[in-house]
Enquirer: 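The structure is given below, and queries will be raised subsequently.
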There are 2 protein chains.
Amino acid sequence: MIYSVRAGLLQLVLNRYRHRMARSIHVRRPATLASLAAELGVSRTTVSNAYNRPDQLSPELRRRVLETARRLGYPGPDPVARSLRTRKAGAVGLLLTENLSYAFRDPAALGFLEGLALACEGAGQGLHLVPVNPEREDVAAVHRAGVDGFVVYSVPDDDPHLAAVLSRPVPTVIADQPHIEGVDRVGIDDRTAITELAQKLINLGHRRIGVVCMRLARDRNDGFASVERQQNAHFHVQRTRLGGLAAAFSTVGVDWASVPVVERFDHSSAMGASAAAQLLDADSQITALICTSDILALGALAEAKRRGLRVPQDLTVTGFDGIIEAERMGLTTVRQPVLEKGKAAGRLLLSPSERTRPRSITLETEFLPGTTAAPPRTTEERWFGP
Amino acid sequence: MIYSVRAGLLQLVLNRYRHRMARSIHVRRPATLASLAAELGVSRTTVSNAYNRPDQLSPELRRRVLETARRLGYPGPDPVARSLRTRKAGAVGLLLTENLSYAFRDPAALGFLEGLALACEGAGQGLHLVPVNPEREDVAAVHRAGVDGFVVYSVPDDDPHLAAVLSRPVPTVIADQPHIEGVDRVGIDDRTAITELAQKLINLGHRRIGVVCMRLARDRNDGFASVERQQNAHFHVQRTRLGGLAAAFSTVGVDWASVPVVERFDHSSAMGASAAAQLLDADSQITALICTSDILALGALAEAKRRGLRVPQDLTVTGFDGIIEAERMGLTTVRQPVLEKGKAAGRLLLSPSERTRPRSITLETEFLPGTTAAPPRTTEERWFGP
DNA sequence: CTGAAAGCGCTAACAG
DNA sequence: CTGTTAGCGCTTTCAG
């Protein structure tokens with residue numbers, strides 16, 4: 001069986017290797033490029049060339065070098081030493097706000113990650129996920145990362161990890177937030193996108209609204225957010241979306257200070273549901289719930305259902321992002337091209353960075369009408385039916 | 001506003017930094033630990049200590065060092081040089097079969113990734129995703145990765161990247177497949193799990209079955225898989241599951257050679273659907289479709305629906321993995337703890353590797369009855385209704 | 001096609 | 001608490 005043969009071969013290679021290692025550990029001298037050269041009686045350059053520039057030596061000699069390498073258990077040039085010498089690590093670092101694992105839960109972050117991975121793959125670059133332990137502020141991990149550049153995905157303005165990244169002498173691209181002058185950026189026009197959405201609701205007649213948003217700062221505040229807190233939010237995206245809503249609704253006479261905005265630290269649909277509940281409990285006359293993300297909106301939808309409120313007849317709910325699940329549910333939302341965003345970030349970082357930096361890429365968003373927005377019911381309808 | 005103040009500060013730091021860089025690029029001599037020491041009139045050790053062992057020098061001197069560093073635009077010890085010296089990269093490499101981006105599509109792979117990321121995070125280690133361009137066999141990326149160890153996730157027996165990983169003198173853990181003697185491993189007992197599932201179907205009375213499986217080798221074969229191909233499959237997991245099914249059904253007199261097994265190269269529910277169609281077209285008397293993954297099973301479910309076949313009354317469908325979507329659909333399947341698997345892989349790699357290697361961790365699986373399996377209809381029922 | 005020289009930037013003993 | 005000494009393992013001109 002072919003399989004057996006191949007597996008057997010692999011096993012063989014492996015055993016031989018382990019054997020060498022066991023010995024080298026003992027001898028305390030794992031083969032190195034220099035020792036290999038010595039053994040062969042050639043210069044280090046030649047051995048190096050055997051690996052990196054096959055055309056720089058005779059096939060015969062190259063064969064001999066490689067053969068001897070195998071015999072001595074030399075695993076090829078050490079990547080770290082090579083990186084030090086060439087000043088190239090062959091990898092880009094990725095910094096995320098949350099636990100690494102958070103990114104694997106949020107569809108929008110996942111889309112971004114996929115796009116970025118695609119770009120890296122295309123360029124043969126590794127993707128180094130920087131471990132950010134949310135408990136202790138372990139900025140050290142940023143300094144330890146051997147990478148040629150960083151992509152920073154959606155962090156607060158005052159993130160210490162971001163500061164650490166910027167202090168490193170490598171190119172950096174920030175996705176979404178924060179906006180920092182002089183640093184390459186890729187994102188969307190949050191202001192325009194949220195304004196369009198707000199206008200739709202305004203046109204439908206909504207004036208009494210409630211807002212559910214993501215965390216506004218690094219401190220946890222699961223509850224109402226004052227106007228001041230909104231304006232001082234450390235997350236550019238949330239700040240802009242709230243600001244856009246405020247501006248839009250103000251034009252039709254809504255006093256923003258009277259609009260309840262509920263914030264949630266953790267980004268999950270369960271939090272969206274509890275936030276919606278808090279809003280509805282505080283003011284049962286609310287006709288529309290505007291959520292700054294689809295995840296939260298999905299939770300709001302669930303809460304509405306739990307209360308027996310029909311959407312959109314009794315309550316309008318909107319989201320933001322355009323994740324597949326939202327689309328499947330017919331959520332009224334704004335779609336942003338997350339995959340493209342990731343690719344663009346990668347391209348920006350890996351492209352031959354001309355001296356024309358900083359560069360900024362703003363991707364298009366699209367309003368998705370969905371089926372969860374409708375004109376508000378009048379008070380009468382509320383009591384006596386449509 | 002606090003925000004403005006902080007943002008302003010960051011901006012300041014940044015500008016100063018860019019300024020230095022612009023200059024250093026010109027001078028062609030970015031500050032280094034040595035130059036900093038010279039400037040300060042102290043030894044390199046002292047500067048190094050200022051960063052790595054704060055308790056080894058007076059607070060005052062340390063302050064001076066750090067202050068001068070800032071002034072000179074010294075970004076702190078170069079991570080690559082440090083890695084070369086300390087022989088620690090502070091990161092683990094992850095090798096996946098497919099495009100990096102594939103992992104972000106498959107819920108099972110994603111769960112594994114999350115678990116692994118969690119483990120790395122906990123240990124303050126970075127996670128270096130190795131770029132595997134499926135087109136060209138770019139084994140070089142494996143050699144270029146500056147990591148302290150590798151986790152290999154579910155690759156074929158003869159994967160050249162795996163061979164490259166094993167040739168590197170760092171610890172390695174293989175998740176799922178292949179099984180290689182002498183290499184640490186974490187996985188499940190596929191044989192037992194699939195046997196339990198097969199037994200359930202057998203007990204329900206199924207004898208005429210069809211099987212949908214994932215790719216069996218590195219070459220594309222979207223169609224029926226001969227028994228020989230099944231036995232020679234280069235993917236241990238698929239080989240074992242098919243083998244388990246064959247053994248179980250043979251005990252009740254089913255001739256495995258007569259059981260149609262359809263293979264699909266790409267792992268998607270669309271492929272599951274087309275495979276199911278192929279099976280049903282070939283033999284309309286099939287009473288149960290056994291799929292070796294939930295993704296494929298979900299597709300089979302869709303195809304059954306498309307044909308107006310009721311599940312489980314007209315057709316039994318089973319999966320494998322226990323992804324959330326499958327659970328939501330009530331799929332009869334086997335759940336495996338993917339998150340735990342990832343964590344275990346990370347722990348295994350990062351734990352103080354005693355000389356008791358190789359180690360192997362086998363995680364428990366759980367049969368999920370679901371609602372997509374039922375006794376087959378008799379031929380009479382098929383024609384005349386229940 | 002091959003070799004000699006010159007570090008890349010840093011840390012780790014081990015003495016003071 | 002501070003400095004001296006020695007490389008980590010490799011690539012890269014620049015000559016032969």
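Since the model is a prediction, treat every value here as computed from it, not as a measurement. We use all heavy atoms of the structure for the numbers below, so side chains are in, but hydrogens, waters and symmetry mates are not. The chains referred to below are lettered A, B, ... by the order of the sequence lines, with proteins before strands, and numbering in each begins at 1.
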Enquirer: Going by the rule side chain to side chain contact (heavy atoms under 4.5 Å, CB included), which residues pair with A38(B) if we only count those two or more places apart in sequence or in a different chain?
Expert: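 Here no residue qualifies.
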Enquirer: Rounding to 10°, can you tell me the angle the first-five-pair axis of the helix from dC1(C)-dG16(D) to dG16(C)-dC1(D) makes with its last-five-pair axis?
Expert: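 The angle, to the nearest 10 degrees, is 20°.
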Enquirer: Under 4.0 Å between any heavy atoms, over every strand shown, what does L57(B) touch: base, sugar-phosphate, or nothing? Just pick one.
Expert: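 Result for L57(B) = sugar-phosphate.
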Enquirer: In this structure, how many angstroms lie between the C1' atom of dT2(C) and the CD atom of E60(A), rounded?
Expert: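 So the CD-C1' distance, E60(A) to dT2(C), works out to 15 Å.
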Enquirer: So, is T32(A) near the phosphate of dG9(D), with a side-chain N or O under 4.0 Å from OP1 or OP2?
Expert: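 Result: no.
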Enquirer: With sequence neighbours excluded, tell me which residues meet ring pair (Phe, Tyr, Trp, His ring centres under 6.0 Å) with F104(B).
Expert: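 Listed in chain order: nothing, the list is empty.
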Enquirer: Heavy atoms under 4.0 Å is the rule here; annotate nucleotides 11-16 of chain C 5' to 3' with B where the base is hit, S where only the sugar-phosphate is, and - elsewhere.
Expert: BBB---
Enquirer: Rounded off to whole Å, could you give me the NE2-to-P distance for the H143(B) and dC10(D) pair?
Expert: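 Going from NE2 in H143(B) over to P in dC10(D) covers 13 Å.
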Enquirer: May I have the distance from K88(A) (atom NZ) to dG9(C) (atom P), rounded to whole angstrom?
Expert: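 About 13 Å, once rounded to whole Å.
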Enquirer: Regarding V80(A), tell me which of base, sugar-phosphate or nothing describes its non-hydrogen contacts under 4.0 Å with the strands shown.
Expert: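 The answer is nothing, as V80(A) stays clear of every strand by at least 4.0 Å.
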Enquirer: Mind checking what makes salt bridge (charged side-chain N to carboxylate O under 4.0 Å, His left out) contact with D148(B), not counting sequence neighbours?
Expert: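 If we apply the salt bridge (charged side-chain N to carboxylate O under 4.0 Å, His left out) test to D148(B), skipping adjacent residues, there are no hits.
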Enquirer: Determine whether a donor-acceptor pair (N or O, by modelled atom type, separation under 3.5 Å) exists between the side chain of S58(A) and the backbone of L61(A).
Expert: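 Checking the backbone N and O of L61(A) against the side chain of S58(A), a donor-acceptor pair under 3.5 Å is found.
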Enquirer: At under 4.0 Å between heavy atoms, what does Y51(A) touch on the DNA or RNA strands: base, sugar-phosphate, or nothing?
Expert: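 Nothing: the residue Y51(A), judged by heavy atoms under 4.0 Å, touches no strand.
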Enquirer: The criterion is ring pair (Phe, Tyr, Trp, His ring centres under 6.0 Å); which residues satisfy it with F150(A), sequence neighbours excluded?
Expert: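 So F150(A) forms no ring pair (Phe, Tyr, Trp, His ring centres under 6.0 Å) with any residue.
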Enquirer: Which residues pass the salt bridge (charged side-chain N to carboxylate O under 4.0 Å, His left out) test with R53(B), not counting sequence neighbours?
Expert: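 If we apply the salt bridge (charged side-chain N to carboxylate O under 4.0 Å, His left out) test to R53(B), skipping adjacent residues, there are no hits.
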Enquirer: Not counting sequence neighbours, list each pair that qualifies as a salt bridge (Lys or Arg N to Asp or Glu O under 4.0 Å) and has a residue in residues 117-133 of chain A.
Expert: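 For residues 117-133 of chain A: none.
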Enquirer: Please produce a list of atom pairs where a protein N or O lies less than 3.5 Å from an N or O of nucleotides 14-16 of chain D.
Expert:
none

Enquirer: With sequence neighbours left out, which residue pairs that include part of residues 31-51 of chain B fulfil the salt bridge (Lys or Arg N to Asp or Glu O under 4.0 Å) condition?
Expert: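 Checked against salt bridge (Lys or Arg N to Asp or Glu O under 4.0 Å) - neighbours excluded - the pairs reaching residues 31-51 of chain B are E39(B)-R71(B).
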Enquirer: Tell me the interatomic distance from L84(B), atom CG, to dT11(D), atom P, rounded to whole angstroms.
Expert: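 Whole-Å distance recorded here is 12 Å.
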Enquirer: Rounded to whole angstrom units, what separation is found between the CZ atom of R144(A) and the C1' atom of dG9(C)?
Expert: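 Rounded to whole Å, this separation is 17 Å.
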Enquirer: Using side chain to side chain contact (heavy atoms under 4.5 Å, CB included) as the criterion, list what pairs up with A344(A), not counting sequence neighbours.
Expert: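 With neighbours one apart ignored, the set is V186(A), R347(A), I361(A).
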Enquirer: Got a salt bridge between R63(B) and E60(B), using NZ or NE/NH1/NH2 to carboxylate O under 4.0 Å?
Expert: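 Answer for the salt bridge query: yes.
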Enquirer: Check salt bridge (charged side-chain N to carboxylate O under 4.0 Å, His left out) between D78(B) and all other residues, then give those that pass, not counting sequence neighbours.
Expert: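 Once residues adjacent in sequence are excluded, the partners of D78(B) under the salt bridge (charged side-chain N to carboxylate O under 4.0 Å, His left out) criterion are R87(A).
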Enquirer: More 5' along DNA chain D: Q56(B) or R87(B), using each one's nearest nucleotide?
Expert: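 Closest to the 5' end, via its nearest nucleotide, is Q56(B).
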